[in-house]
Number of protein chains: 2
Amino acid sequence: MSTANCATAIGRPRAFDVQVALEKALEVFWEKGFDGASLSDLTSAMGINKPSMYSAFGNKEQLFLKAIEFYKNRPCGFFKPALGQPTAYKVAESMLMGAAKSMADNSHPQGCVMIQGALSCSEAAAGVKEELIKYRQQSEDQIKDRFELAKAQGDLPESVDACNLARYLNTVMQGISIQASSGATEEQLIDVANLALASFPAGKGQ
Amino acid sequence: MSTANCATAIGRPRAFDVQVALEKALEVFWEKGFDGASLSDLTSAMGINKPSMYSAFGNKEQLFLKAIEFYKNRPCGFFKPALGQPTAYKVAESMLMGAAKSMADNSHPQGCVMIQGALSCSEAAAGVKEELIKYRQQSEDQIKDRFELAKAQGDLPESVDACNLARYLNTVMQGISIQASSGATEEQLIDVANLALASFPAGKGQ
DNA sequence: AATGTTGTGTACCATTTGGTATGAAAAATA
DNA sequence: TATTTTTCATACCAAATGGTACACAACATT
């Protein structure tokens, strides 16, 4: 049951690339959600059969969680780079524009799998729903921390409630996810992002 | 196959109230989504058995659509009253505050079933997903029309793009739905709503 | 070449899925 | 009371669900 691709492997080697299979599974979960994605959907997209899936990933729930983990860390993610922007305003701008661009991108399912993967769901998905809620809260907390830092640096007024502002930013991004999965285009979402930025306490000049 | 409760009914009368059963079904769909709600979940919540459900509502998909129709028209809905507010700003304010209050209300599942009922879903739910997208678009169009009217009345500047502003408002409400279903409280969502209102082109005075 | 270890493919498992056939039960009408 | 019409309850259906047993295949080590 070794998931990692060890250099000196003993026994029959895997005939598939675990990472590639995980990406394929991610696409299925992304499009259909946890409840809507059946094992047949998953394994046929991954190009493997069920025993291989179970031995490599555990079960459907763990496969989902590992796919989400990959999603969080994938190189094209817009979140972490946005957090690193020099000013609070630029953080928000980069995040909203990144969300608009990324979520409307049709090289993969629209919207965000961390939002849509298990929103209203069966009891079987209750675990992954809780996990996704936790992840979303962590993102919000990271934004909040970044805004607290901005306040300490004088980049945001002391009067600003970093917690509320972070929640607002997160809320708009989540709305953008819904819009994207409903068919909104990148341009439309950029307009939304610009309107949302008008609420931002620090002006565009900063 | 008469759905309506006719006064002079011939044959054995229904042992259940169609409207009450529909409300129960709505709650299940609301909480679990179309894919996550099984017929067993539904019929046991409705207090009837499957043949009764099929004869009264058609099938799972039509039951869902009828439940959504009921949801749209239910008396406690905040959307239509908000549209009737006298100014564009008050429309937006009423809508956002109504969303914050309604979606965090724990007398029913959190969030909005028209958003979460079928977002990422299986092929079996593709039809209801499209229907929900259409409904959401109709809501947005109604807001847009209201803002166009506001422009004609001089209540909004001519420079405002009613379409973008409506989409922004809709986006924030959809984000609020996600937040609510993630456990956000009414107070938190009101704070979000107030931040969102800061983007509004017409000032609070209007 | 024999052995130990691990992955693969098939075929299978019990359970659940959405959906029905059928006969009995309850009412209005005749 | 007999008939007609409709609903109810049970039992059932084929297909799909998430998950596994098991024999075999492929590799490293001995």
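If you take CG of B/D17 and P of D/dT7, they are 14 Å apart, rounded to a whole angstrom. Distance, A/E61 CD to D/dG18 C1': 12 Å, rounded to whole Å. Here C/dT8 presents its P atom at 11 Å from CZ of A/F57, a figure rounded to the nearest Å. Whole-Å rounding puts the A/Y54 OH to C/dT6 C1' distance at 20 Å. In this structure, CE of B/M53 is placed 9 Å from C1' of C/dG18, rounded to the nearest angstrom. In this structure, CD1 of B/I10 is placed 16 Å from C1' of C/dA25, rounded to the nearest angstrom. If you measure from atom CZ of B/F64 to atom C1' of C/dG18, you get 16 Å, rounded to the nearest angstrom. Following rounding to the nearest Å, B/R14 (CZ) and C/dA28 (P) show an atom-to-atom distance of 16 Å.
When the nearest nucleotides of DNA chain C are assigned to A/A15 and B/K60 by heavy-atom distance, the more 5′-ward of the two goes with A/A15. Both A/D35 and B/P13 sit near DNA chain D, but only B/P13 has its closest nucleotide nearer the 5' end.
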Pick out the pairs of N or O atoms, protein on one side and nucleotides 9-12 of chain D on the other, that lie under 3.5 Å.
from: D/dA9; atom 1: OP2; to: B/N49; atom 2: ND2; distance (Å): 3.1

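Figure legend: A/K129 and A/F34 shown without cation-pi pairing, the cationic atom not lying both under 6.0 angstrom from the six-membered ring centre and within 45 degrees of its axis. For the pair A/K72 and A/Y135, the cation-pi test (distance below 6.0 Å, angle within 45°) is passed.
Side-chain atoms of B/Q62 and B/Y54 include no donor-acceptor pair closer than 3.5 Å. A donor-acceptor contact under 3.5 angstrom links the side chains of B/Q137 and B/D141, judged on distance only. A/D105 and A/S102 share no donor-acceptor pair across their side chains, judged by distance under 3.5 Å alone. There is no side-chain donor-acceptor pair under 3.5 Å between B/S120 and A/E31. Checking B/D35 against B/S122 by side-chain atom types alone, a donor-acceptor pair falls below 3.5 Å. In this structure, a donor-acceptor pair under 3.5 Å is absent between the side chains of B/Q174 and B/Q179.
End-to-end axis angle of the helix from C/dA1-D/dT30 to C/dA30-D/dT1, from C1' rotation axes over five pairs per end: 10° (rounded to 10 degrees).
The phosphate of C/dT16 (OP1 or OP2) has no side-chain N or O of B/S40 nearer than 4.0 angstrom. The shortest distance between the side-chain N/O atoms of B/S38 and the OP1/OP2 oxygens of C/dT17 is below 4.0 Å.
Here the NZ atom belonging to A/K144 is positioned 11.0 Å from the CG atom belonging to A/N164, to the nearest 0.5 angstrom.
Checked against the 6.0 Å centroid criterion, the rings of B/F200 and B/F147 qualify as a close aromatic pair.
Across every non-hydrogen atom of B/F79 and B/S139, the tightest pair is CZ-O, 3.5 Å. The minimum heavy-atom distance linking A/V91 with A/R146 is given by the pair CG2-NE, 3.7 Å.
Side-chain atoms of B/L39 lie closest to C/dG19 of the nucleotides D/dC27, C/dT8, C/dG19.
Residues of residues 117-134 of chain A that place a heavy atom closer than 4.0 Å to DNA chain C do not occur.
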